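Residue numbering restarts at 1 for every chain, and letters A, B, ... go by the order of the sequence lines. Predicted model only: the values in this text are computed from it and were never measured.
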2 protein chains.
Amino acid sequence: MKKAEATRLNILEKAFELIYVKGYQTTSIDDIIATTQVTKGAFYYHFKNKDEMGIAIINDLLKPTLTGSFIGPLQTAADPLTAIYQLMYNLLIENKFLKVEYGCPAANLTHEMTSWNADFNKALNELTQQWTETMIDVIERGKTNGAVRSDVNARQVTMFVMSGYWGIRNFGKLERSKEIYLPYLEELKNYLETLRR
Amino acid sequence: MKKAEATRLNILEKAFELIYVKGYQTTSIDDIIATTQVTKGAFYYHFKNKDEMGIAIINDLLKPTLTGSFIGPLQTAADPLTAIYQLMYNLLIENKFLKVEYGCPAANLTHEMTSWNADFNKALNELTQQWTETMIDVIERGKTNGAVRSDVNARQVTMFVMSGYWGIRNFGKLERSKEIYLPYLEELKNYLETLRR
DNA sequence: CAAAAAACATACTAGTTAGTATGTTTTTTG
DNA sequence: CAAAAAACATACTAACTAGTATGTTTTTTG
């Protein structure tokens, strides 16, 4: 039971790529088996149906990535405000995997699926919660060690910052150029400075 | 040529409702003609194809609404910072048409369509530009009349604020409750106050 | 009011979709 | 190494999709 795991992972990765670019609804099973070179029998051996595969993408691919690229950099940071800015800068400008014209994979799925699919909603909610709670913790830590003003509401700030991130991804899709991220990042920096003690 | 216009408008309005709730790709022509009680012949008399109808929804329905509900309140305002906050509050909390679980119609279409459909991209870009430019003007006006600090970068602030709006709509879809808007709105208020002279 | 154009109605088609039925091959295990 | 289970392969189906072909009805206009 080792090759089978590889097949499953291969399906998830290729399917994720297609869905990131084309959207979930418009990526067909036939698309997926064509690009994976896996037959339909193999696909349905590993997944009960398309939605189960979609949920698996969130839980088995996105969650670990989130932990690595989104959560790790925050937790190890000395100064929380700089860390938040640096994280956003990295995600928007440096990250080679996320493409400006395709936006944020998690945000895409949220937009497309959450209104009418409870399973996707649950999985994506957990994903988001994890990021949110981490950022709240980091800010609270900053309040304790004196880097952040003590009257700052950590949850409010987190919601505000994360909303900005998702929203600027929307602009990116419209403009199809990372240029559009720059004024956002500048103002994010200004805003974060107002929280400093 | 009066009844025909009514038929066309009826199609656009019902189709928009369906698309707002279900998404563009997953709303079929058959769905639309079923809820409008209009036959397929009538539909294709008014629209060359599905995409032409989609673009018409943006240009003939969304643009006028934007002008009324999003742009008007900004232009007539005395204090720009309060006006921006009030606009966001109204859109998120008071507005009876926009539902928290379905998000922002323009953002939904942007997420779903812009990556691969140039016509949708263009129409949605124009829509967004109109709102952006208005907000920039309002802030610049505030700088002139002394309500806003003169070192504030109006475009940066606009991008930052509008990103927040779109992003918090994402959270709303996940949480399916307007409660989630409140911490965002509080922090928006805090942020806007830092721009005051 | 009659001819012409506009507006709508019905029946159909070719392609695509998720999913299944029924196999065969490969791997594991006693 | 043989039986059993896991992993994969092929061919099919029923439902749905956007769009069309070919009508009929309604409205406009000279």
Trainee: Find the partner of D:dT17: check Watson-Crick (N1-N3 plus N6-O4 or O6-N4) and G-U wobble (N1-O2, O6-N3) distances, both under 3.5 Å, and reply none if neither fits.
Mentor: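 Paired with C:dA14.
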
Trainee: Should the ring pair B:Tyr20 and B:Phe97 be called parallel, tilted or perpendicular, given that the plane angle runs from 0 to 90° and is split at 30 and 60?
Mentor: parallel

Trainee: For the pair made of CG in A:Asp51 and P in C:dT17, what is the distance, rounded to whole Å?
Mentor: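 Distance check: A:Asp51 CG to C:dT17 P gives 16 Å.
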
Trainee: Salt bridge (Lys or Arg N to Asp or Glu O under 4.0 Å), that's the test. Do B:Glu193 and B:Lys189 meet it? Break it down for me.
Mentor: CA-CA 6 Å; B:Glu193 283 308 315; B:Lys189 192 189 283 179; over 6 Å; no

Trainee: Other residues, nucleotides and ligands only: do more than 12 of their heavy atoms fall within 6.0 Å of NZ on A:Lys122?
Mentor: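 Atom NZ in A:Lys122 is not packed in, count stays at 12 or less.
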
Trainee: Taking a pair as Watson-Crick or G-U wobble with both distances under 3.5 Å, which nucleotide is matched to D:dC12?
Mentor: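 Its partner is C:dG19 (Watson-Crick or G-U wobble, both distances under 3.5 Å).
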
Trainee: Using whole Å, what does the distance between atom P of nucleotide C:dT13 and atom CG of B:Asp30 come to?
Mentor: 16 Å

Trainee: Check this one for me: any side-chain N or O of B:Thr7 less than 4.0 Å away from OP1 or OP2 of C:dA7?
Mentor: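 False: B:Thr7 side-chain N/O out of range (4.0 Å or more) of C:dA7 OP1/OP2.
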
Trainee: What does A:Thr27 touch in the nucleic acid at a heavy-atom separation under 4.0 angstrom: a base, only the sugar-phosphate, or nothing?
Mentor: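 Touches sugar-phosphate only.
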
Trainee: In terms of side-chain heavy atoms, does B:Glu187 have a donor or acceptor partner in A:Tyr191 at a distance below 3.5 Å?
Mentor: yes

Trainee: Count the heavy atoms of every other residue, nucleotide or ligand shown that sit under 6.0 Å from CZ of A:Arg155, and state whether that count exceeds 12.
Mentor: no

Trainee: Would you indicate, yes or no, if D:dC16 has its OP1 or OP2 atom less than 4.0 angstrom from a side-chain nitrogen or oxygen of B:Ser28?
Mentor: no

Trainee: For D:dT24, which nucleotide is its Watson-Crick or G-U wobble mate, given both distances must be under 3.5 Å?
Mentor: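 Paired with C:dA7.
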
Trainee: Separation of B:Gln25 atom CD from C:dT16 atom C1', in whole Å?
Mentor: 14 Å

Trainee: Report the base-pairing partner of D:dG30 (Watson-Crick or G-U wobble, both distances below 3.5 angstrom), or none.
Mentor: C:dC1

Trainee: How about A:Asp51 and A:Tyr24: does a side-chain donor come under 3.5 Å of a side-chain acceptor?
Mentor: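 A pair is found: one side chain offers a donor N or O, the other an acceptor, under 3.5 Å apart.
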
Trainee: Where along residues 32-47 of chain A does a heavy atom fall under 4.0 Å from DNA chain D?
Mentor: A:Thr39, A:Lys40, A:Gly41, A:Ala42, A:Tyr45, A:His46

Trainee: I would like to know whether B:Ile19 and B:Leu109 meet side-chain contact (heavy atoms from CB on, under 4.5 Å); could you show each step before the answer?
Mentor: CA-CA 9 Å; B:Ile19 290 166; B:Leu109 282 172; 4.2 Å; yes

Trainee: Could you tell me the separation between the CD1 atom of A:Ile29 and the P atom of C:dA18, rounded to a whole number of Å?
Mentor: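 The distance from CD1 of A:Ile29 to P of C:dA18 comes to 5 Å, rounded to the nearest Å.
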
Trainee: Measure from CG on B:Asn10 to C1' on C:dC8 and round the result to the nearest Å.
Mentor: 14 Å

